[in-house]
Amino acid sequence: MDDTLTSANDETNVELAVGLFGSICRDRLGDELLAFARHCPTVGLGVHEMSRAALLPALEAGELALAVMPGGVRPELQSAPLWTDRVMVAMAQDHPLAARPAVTAAALRDMVFLVSRQQDGNDMHRFLSHCIRPLAPALNGMLLDLGPAHLMERVARGEGLALVCASHTDALPDDVVVRPVDAPGALFPVRAWWKEAEPAWPLSELIRILLSSRRD
């Protein structure tokens with residue numbers, strides 16, 4: 001084992017705060033965060049789910065050591081892409097759009113979308129809507145005080161559509177049909193962000209683990 005890492009791991013009471021845009025990143029980073037906990041058992045890892053608007057300001061203010069969220073490069077921060085995600089639309093099996101291999105943004109313009117008030121669901125809907133319609137208001141959303149699982153039950157009953165990420169489709173119920181949205185911005189990168197060009201341990205170890213498991 002590397003002597004530097006061994007020496008660093010002997011330290012105690014080290015805290016590392018990581019911010020996630022949970023709606024996109026919650027389910028994708030579990031293995032990586034667990035690997036970090038095993039490599040650095042003396043580090044207290046605090047994981048905070050936050051809105052997109054709050055993440056980078058918290059990073060710049062020193063409240064977070066690292067943030068994970070979708071976005072492009074910013075010259076004042078260090079960042080690296082972790083994976084590429086895609087905007088998808090979920091619907092009932094008998095919905096007219098389910099017969100298409102892909103759905104255009106124009107076809108979604110007058111549809112009603114079910115949006116959760118929980119877990120930054122409204123922020124997620126607005127972000128995905130902006131990806132596929134960057135110059136237009138967010139697609140029509142009906143805010144519901146439901147978690148994702150119950151919201152998808154309503155989608156399966158034909159009460160509305162929902163915008164989702166391709167990385168989340170494996171967790172959707174079998175009675176929900178998912179189609180890709182055919183739009184220039186439908187593909188978007190999810191990046192890890194930090195401040196220092198040469199971050200110190202333990203942040204350097206977390207970044208190493210994240211980058212070693214990058215997926216296209």
Side-chain angles (χ1 to χ4, degrees), residues 18-33 47-60 64 66-91 97 100-109 111 113-116 118-141 148 151-152 155 161-172 176-194 207 210-216:
V18 175
L20 307 178
F21 181 41
S23 300
I24 290 179
C25 306
R26 177 186 311 113
D27 300 325
R28 286 294 297 260
L29 297 178
D31 291 343
E32 289 82 356
L33 296 178
V47 179
H48 308 275
E49 293 188 7
M50 303 170 66
S51 69
R52 288 182 304 117
L55 276 167
L56 294 189
L59 178 66
E60 292 170 336
L64 299 174
L66 181 133
V68 180
M69 61 175 282
V73 175
R74 295 195 181 189
E76 69 274 17
L77 293 172
Q78 311 299 317
S79 69
L82 299 181
W83 70 86
T84 299
D85 224 319
R86 185 184 186 103
V87 185
M88 310 284 285
V89 58
M91 65 195 78
L97 294 179
R100 304 184 184 185
V103 180
T104 65
L108 300 175
R109 183 180 57 192
M111 299 291 175
F113 289 81
L114 305 185
V115 180
S116 174
Q118 303 176 16
Q119 300 177 1
D120 292 318
N122 191 30
D123 192 14
M124 175 73 158
H125 174 76
R126 287 186 282 107
F127 168 72
L128 295 178
S129 181
H130 180 75
C131 285
I132 60 175
R133 289 162 35 99
L135 302 179
L139 290 160
N140 300 324
L151 187 140
M152 283 300 157
V155 170
L161 309 181
L163 293 178
V164 298
C165 296
S167 60
H168 289 184
T169 56
D170 289 345
L172 297 181
V176 170
V177 172
V178 182
R179 294 289 180 262
V181 178
D182 183 8
L187 289 172
F188 59 90
V190 178
R191 309 179 71 88
W193 308 76
W194 62 96
I207 293 170
L210 292 176
L211 298 188
S212 68
S213 60
R214 281 193 291 194
R215 291 154 282 187
D216 294 331

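For reference, positions follow the sequence shown, starting with 1. Everything quoted here is computed from the prediction, not taken from an experiment.
The shortest side-chain heavy-atom distance between Leu163 and Phe127 does not fall under the 4.5 Å cut-off. In this structure, Val18 and Trp194 have side chains that are not in contact, with every pair of non-hydrogen atoms separated by 4.5 Å or more. Using a 4.5 Å cut-off on side-chain heavy atoms (C-beta onward), Leu55 and Leu59 make no contact. With contacts defined as side-chain heavy-atom distances shorter than 4.5 Å, the pair Leu82/Leu211 qualifies. Residues Leu64 and Met50 are in side-chain contact: their nearest non-hydrogen atoms beyond the backbone lie under 4.5 Å apart. No side-chain heavy atom of Val177 sits under 4.5 Å from any side-chain heavy atom of Leu97. Residues Met91 and Arg179 meet the side-chain proximity criterion, which asks for heavy atoms closer than 4.5 Å. Val181 places none of its side-chain heavy atoms less than 4.5 Å from the side chain of Leu128.
A distance of 6.5 Å separates CG in Leu77 from CH2 in Trp193, rounded to the nearest 0.5 Å. For the atom pair NE2 of His130 and CG of Leu139, the computed distance is 12.0 Å after rounding to the nearest 0.5 Å. Of the inter-residue distances, the one linking Leu161 atom CG with Leu114 atom CG reads 7.5 Å to the nearest 0.5 angstrom. Here the CG-CD distance, from Leu66 to Gln78, works out to 11.5 Å after rounding to the nearest 0.5 Å. We find the CH2-CG distance between Trp83 and Leu29 to be 4.5 Å, quoted to the nearest 0.5 Å.
The shortest heavy-atom contact between Leu151 and Ser116 is CD1-N, 3.3 Å. Leu172 and Ala90 get closest at one heavy-atom pair: CD1-CB, 4.5 Å. The two residues Ala67 and Leu56 come nearest to each other via the heavy atoms CB-CD2, 4.4 Å. Counting all heavy atoms, side chain and backbone alike, Phe188 lies closest to Cys131 at CD2-SG, 4.1 Å. The heavy-atom pair separating Ala138 from Ser129 by the smallest distance is CA-OG, 3.2 Å. In this structure, Thr169 and Ala166 approach most closely via the heavy-atom pair OG1-O, 2.9 Å.
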Intermediate values then yes/no, side-chain contact (heavy atoms from CB on, under 4.5 Å), Cys165 and Met124
CA-CA 9 Å; Cys165 296; Met124 175 73 158; 3.0 Å; yes

Where do Arg52 and Asp123 land on the side-chain contact (heavy atoms from CB on, under 4.5 Å) test, with the steps shown first?
CA-CA 8 Å; Arg52 288 182 304 117; Asp123 192 14; 3.3 Å; yes

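Remark: His125 engages Phe113 in a ring-ring contact (aromatic ring centres under 6.0 Å, His included) (not counting sequence neighbours).
Between the Arg28 side chain and the His168 main chain, no donor and acceptor come within less than 3.5 Å of each other.
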Could you pull out every donor-acceptor pair under 3.5 Å between side chains of residues 69-76 and any protein atom, sequence neighbours left out?
none

